[in-house]
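Okay, so here's the structure we're looking at.
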Amino acid sequence: MKRIVCLGGGPAGLYSAILFKKALPNAKVEVYERNRPGDTFGWGVVFSDKTMAGFRDADSESHDAIVGSFYHWDDIDVHFRGQSIRSGGHGFCGISRKRLLNIFQERAAALGVEQFFQREIDSRAEFADADLIVAADGINSAQRGRYADVFEPHIDVRKCRFIWLGTEQKFPAFTFAFENTEHGWFQIHAYQFSPDLSTVIVETREETWKAHGLDRFNVQQSIEFCQQLFGKYLGGHPLMSNARHLRGSAWLNFSRVLCERWHHRNLVLIGDAAHTAHFSIGSGTKLAMEDAMSLVAQVATAADVGAGLERYRAERNLEALKLQSAARNRMEWFENVARYTHLEPQQFAYSLLTASQRIGHANLQLRDPRYVDSVERELARRNGLAEPRPPMFLPLRLGSMELVNRVVVSPMAQYSAADGLPDDWHLMHYGARATGGAGLVVTEMTCVAADARITPGCTGLWNEAQRDGWKRIVDFVHRHSPAKFALQLGHAGRKGSTQLGWQEMDRPLPADNWPLMSASAVPYLADLSQTPRAMTEEDFARISAQFVRAAQFGAEAGFDMLELHMAHGYLLASFLSPLTNQRRDDYGGPVANRLRYPLEVLLAVRAAWPAGKPLSVRLSATDWAPGGLEETDLIAIAKAFKEAGVTVLSVSTGQTVADQRPVYGRMWQTPYADMIRNVVGIPTIAVGNIFEPDHVNTIVGAGRADLCAIARPHLADPAWTLHAAASQRYASQWWPLPYLAGKSQLEHNLERAALALGAI
Ligand SMILES: Cc1cc2nc3c(=O)[nH]c(=O)nc-3n(C[C@H](O)[C@H](O)[C@H](O)COP(=O)(O)OP(=O)(O)OC[C@H]3O[C@@H](n4cnc5c(N)ncnc54)[C@H](O)[C@@H]3O)c2cc1C
Ligand SMILES: Cc1cc2nc3c(=O)[nH]c(=O)nc-3n(C[C@H](O)[C@H](O)[C@H](O)COP(=O)(O)O)c2cc1C
């Protein structure tokens, strides 16, 4: 390559120019920047210690210069409702953005990179002979806009306003502080980045910002407002802006940028131009610089530019998405801070620290064992326990039901029954999981009638023989374990009469299909599934009576809790989602109508189910498809169910329509359980890719959900909870007496393995 042009002299443009010049010393490398060398918006940026190690390997000269200008700290302070909570071991460095850019400018100059300042670039025409054009022109990238049809950017303007200020106050730790006003909450993210300067970002919801008239304030007036609100943290130092030249208020909205494609011919997007990460995770500059490292490594060694750009995208895509997902979780926490302000300060701070879902209980314990000990002590105290323990082992009371811990065996169809009758397989399956230590075991979806089944292998509860079959299992669970046993009742609706889970799932049976019904006459798989009939008033009464009969059988069998399955597109769920409910009567249209029939069933079942025993409903919180359930619908449904006597909501998502586009990841559905719990004020069960004890500890510790349902890991390991207890040295865990010798050996072996690794 002979000529490489970097458009934009921010961290992405300058760092890629430096690395390209090092990798290809004979190439002409140029940077074009619209501002002067010393101009910059903002104040400081932060990097974690871990991030710095990568920069050292890429370019030790700039790394060393950055380290020489660093302000380093370890602690995070959270100030909330008059309390200050400190946690340590976070290992961050702050540097002035201006200094960082100056270091890069000097390093680039020393290497022979040509830098052109005060050059606004609005076309690529003047670079027609360039081999590669690196569009590092930031969040409002003109290059991205020019080829928007190729890059397909998704730009999501978020719900908060923020202003980036400076101060001479020296914060002893990375500081988050929260202040309430008559119109809502404000927060600051503040940290020191040089011996005498700190940065303070003030953030609030758009509606709060407007209600205070801040949209009409100039910079100076905004500064005075912030000084007054956060004065007690500023030690008498004023706040300062370096955006005084800006017209308007200087308050910005963060835009979340994602692009379908990152390159077009020889033009490539990097840094904020390609994707942004909210500042609360402090990773925008890291993302930009790591993009540069990958771009140079891939392009400089590729046979041609196109191949190199493909490799760059392949290498960075997943990493960038992971970072953006963590940043989104944390950003949403700050956007919805009012949701968490009912928490005690200790739990509020823990919830903030773990909000990205990247840092959990175990990681915090490594960083600062004393802090985690104080969290566990506080949780124990609130649960009436004398001694602390990992949050997953805290007891929980739901109605009259006492659970010994927070682990739930999630409902999982076994497709192994004949005529709906649970048999030895089910005894073995549920018995093993109950003796495996989970606090609560939930049955698979057990169907209220033969034609309510998903498959011919589903269990049912429409006759005495089935009731007695279940009673045998319930008795076993109660006799041989402290676990509680919940019955999940459902009706398959339009997803019924299909093949077993391990055959062609969701496809109709090859023969002997039974007729289906649903909220509306819309098949699940167009051209493949049977078309259901839309339910009539007569169907309403009959199906409701079937649910009531099954609930009565369930009570007779001795189940401790009842769960109504209103998720995953089955019959009752089909009423809730606008995608499957297209009715024009009183049971379709607005959410108040759509929830009418599920609520009727719920009330009838509640009346038939013993008063003290808890009742759960499983919901799909989103359909992952356009036109599906909205957040406001979900909240309305959760509130109505709470008022109708539901004790706990089990929060799953999707499976409503076949063309859903879910976004998977660790604990991916937990944000919905969190939202319902903390907005509606009802206990929730989180589920979905919760597969490590650490996930459970963190979710429960943060008050994101009250229980964690774990499905597939329990297929691989019925004794998941016993193993989790041993791995955390929680010695008080109950084990079946005949297995006690296994407990001590397991604990001993884990102890030895940890010693060998030097972990203890
Ligand atoms: C309030 C706030 C706080 C932040 N805090 C942190 C933090 O603590 N840690 C962190 O890592 N990140 C932080 N960031 C994010 C960080 O600033 C960005 O992610 C990072 O600067 C991205 O680098 P970049 O080079 O892609 O874009 P930028 O830094 O925006 O650089 C783009 C450059 O291109 C120039 N340019 C644009 N258009 C043209 C044009 N047409 N012609 C010529 N030049 C042009 C611009 O002048 C600019 O210099 C924060 C961001 C904000 C808004
Ligand atoms: C084999 C299998 C069968 C399932 N059957 C049911 C069911 O009967 N009822 C239900 O509500 N969810 C059912 N699910 C969904 C799980 O309860 C759970 O929500 C999902 O698997 C995500 O949790 P996981 O990531 O821990 O597996 C089933 C999941 C699996 C893997």
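Note that ligands are numbered from 1 as they come in the structure, with each ligand's atoms numbered from 1 the same way.
- Residue contacts with ligand 2 do not include Gln414, since none of its heavy atoms lies under 4.0 Å from the ligand.
- Distances shorter than 4.0 angstrom occur between a heavy atom of Val46 and an atom of ligand 1.
- Of the residues listed (Glu563, His565, Gln488), the one engaging Ser616 in a side chain to side chain donor-acceptor pair (under 3.5 Å) is Glu563, and it is the only one.
- Scanning all protein heavy atoms for the shortest distance to atom 8 (O) of ligand 2 gives Met445 N, 3.0 Å.
- Shortest contact from atom 31 (C) of ligand 2 to any protein heavy atom: Arg712 CG, 3.6 Å.
- Protein heavy atom in closest approach to atom 21 (O) of ligand 2: Ala711 CB, 3.4 Å.
- Those atoms of ligand 1 with a heavy atom of Ile201 less than 4.0 angstrom away are 1 (C), 3 (C).
- For the pair Gln669 and ligand 2, the shortest N or O to N or O distance does not fall below 3.5 Å.
- The contact set between ligand 2 and Ser410, taken as ligand atoms under 4.0 Å from a residue heavy atom, comprises 16 (C), 17 (O), 18 (C), 19 (O).
- Closest heavy-atom approach to atom 14 (N) of ligand 1 within the set Trp164, Phe254, Phe92: this belongs to Trp164.
- Side-chain polar atoms of Arg99 and Ser69 form a donor-acceptor pair below 3.5 angstrom.
- The shortest N or O to N or O distance between Gln488 and ligand 2 is under 3.5 Å.
- The closest protein non-hydrogen atom to atom 30 (C) of ligand 2 is Met412 CG, 3.8 Å.
- Residues Ile201 and Leu165 have side chains not in contact (no heavy-atom distance under 4.5 Å, counting atoms from C-beta outward).
- Using a 3.5 Å distance cut-off with no hydrogens or angles, the side chains of Glu203 and Gln187 do pair a donor with an acceptor.
- Nearest protein heavy-atom neighbour of atom 1 (C) of ligand 2: Ala413 O, 4.1 Å.
- Counting only N and O atoms by type, the side chains of Asn689 and His695 include no donor and acceptor under 3.5 Å apart.
- Within ligand 1, counting atoms from 1 as listed, the ones closer than 4.0 Å to a heavy atom of Gly138 are 27 (O), 30 (O), 32 (C).
- Taking 4.0 Å as the cut-off between side-chain N and carboxylate O, Lys159 and Glu206 do not count as a salt-bridged pair.
- Scanning both residues, Asn102 and Pro37, for their nearest heavy atoms gives ND2-O, 3.7 Å.
- In terms of polar-atom proximity, defined here as any N/O pair under 3.5 Å, Ile121 does make such a contact with ligand 1.
- Ring pair Phe116/Tyr32: centre-to-centre distance below 6.0 Å.
- Ligand-side atoms of ligand 2 in range of Gly688: 22 (C), 23 (O), 25 (O), range being under 4.0 angstrom from any heavy atom.
- Within the listing of ligand 1, atoms 32 (C), 33 (C), 34 (O) sit less than 4.0 angstrom from a heavy atom of Ala136.
- By the 3.5 Å distance cut-off applied to N or O atoms, Tyr415 is not counted among the residues near ligand 2.
- The single protein non-hydrogen atom nearest to atom 13 (C) of ligand 2 is Pro411 O, 3.0 Å, given as residue, atom name and distance.
- For ligand 1, the atoms lying closer than 4.0 Å to a non-hydrogen atom of Asn35 are 47 (O).
- Applying the 4.0 Å criterion to heavy atoms of Gly10 picks out, from ligand 1, the atoms 25 (O), 29 (O), 31 (O), 33 (C), 49 (O).
- Not a single heavy atom of Asp122 sits less than 4.0 Å from an atom of ligand 1.
- Contact atoms of ligand 1 toward Asp272: 18 (C), 19 (O), 20 (C), 22 (C), 26 (O) (distance under 4.0 Å to a heavy atom of the residue).
- Phe254 pairs with exactly one of Asp156, Thr276, Val157 by the side chain to side chain contact (heavy atoms under 4.5 Å, CB included) rule, that one being Thr276.
- Under 3.5 Å, the side chains of Trp624 and Thr653 contain a donor-acceptor pair of N or O atoms.
- The closest approach between Arg97 and ligand 1 falls below 4.0 Å for a heavy atom of the residue.
- Between Arg144 and Ile139, the closest heavy-atom pair is NH2-O, 2.7 Å.
- In this model, no donor atom of one side chain and acceptor atom of the other lie less than 3.5 Å apart for Ser356 and Arg330.
- If you check the side chains of Thr498 and Arg453, you find no donor sitting under 3.5 Å from an acceptor.
- Of the N or O atoms in Arg618, one or more lie within a sub-3.5 Å distance of an N or O in ligand 2.
- The shortest separation from a heavy atom of Ala142 to ligand 1 is not under 4.0 Å, leaving the residue out of contact.
- Below 30°, between 30° and 60°, or above 60°: for Trp470 and Phe485 the angle between ring planes is above 60°, a perpendicular geometry.
- In this structure, Tyr191 is part of the shell of residues with a heavy atom less than 4.0 angstrom from ligand 1.
- Counting atoms of ligand 1 from 1 in the listed order, those under 4.0 Å from a heavy atom of Lys286 are 11 (O).
- Taking 4.0 Å as the cut-off between side-chain N and carboxylate O, Glu30 and Arg119 do not count as a salt-bridged pair.
- Nearest to atom 12 (N) of ligand 1 by heavy atom, out of Asp291, Leu269, Thr285, is Thr285.
- Every atom of ligand 1 is numbered from 1 in the order shown, and the set under 4.0 Å from a heavy atom of Gly271 is 26 (O).
- Applying the side chain to side chain contact (heavy atoms under 4.5 Å, CB included) test between Asn697 and each of Met392, Glu692, Arg406 identifies Met392 as the sole match.
- Between Glu335 and Arg158, at least one side-chain nitrogen of the basic residue sits less than 4.0 Å from a carboxylate oxygen of the acidic one, meeting the salt-bridge criterion.
- Close to ligand 1: Arg119, with a non-hydrogen atom less than 4.0 angstrom away.
- Residue Ala12 places at least one N or O, backbone or side chain, under 3.5 Å from an N or O of ligand 1.
- The nearest pair of heavy atoms linking Tyr71 to Phe193 is CB-C, 3.6 Å.
- Closest to atom 47 (O) of ligand 1 by heavy atom, among Glu33, Gln118, Gln143, is Glu33.
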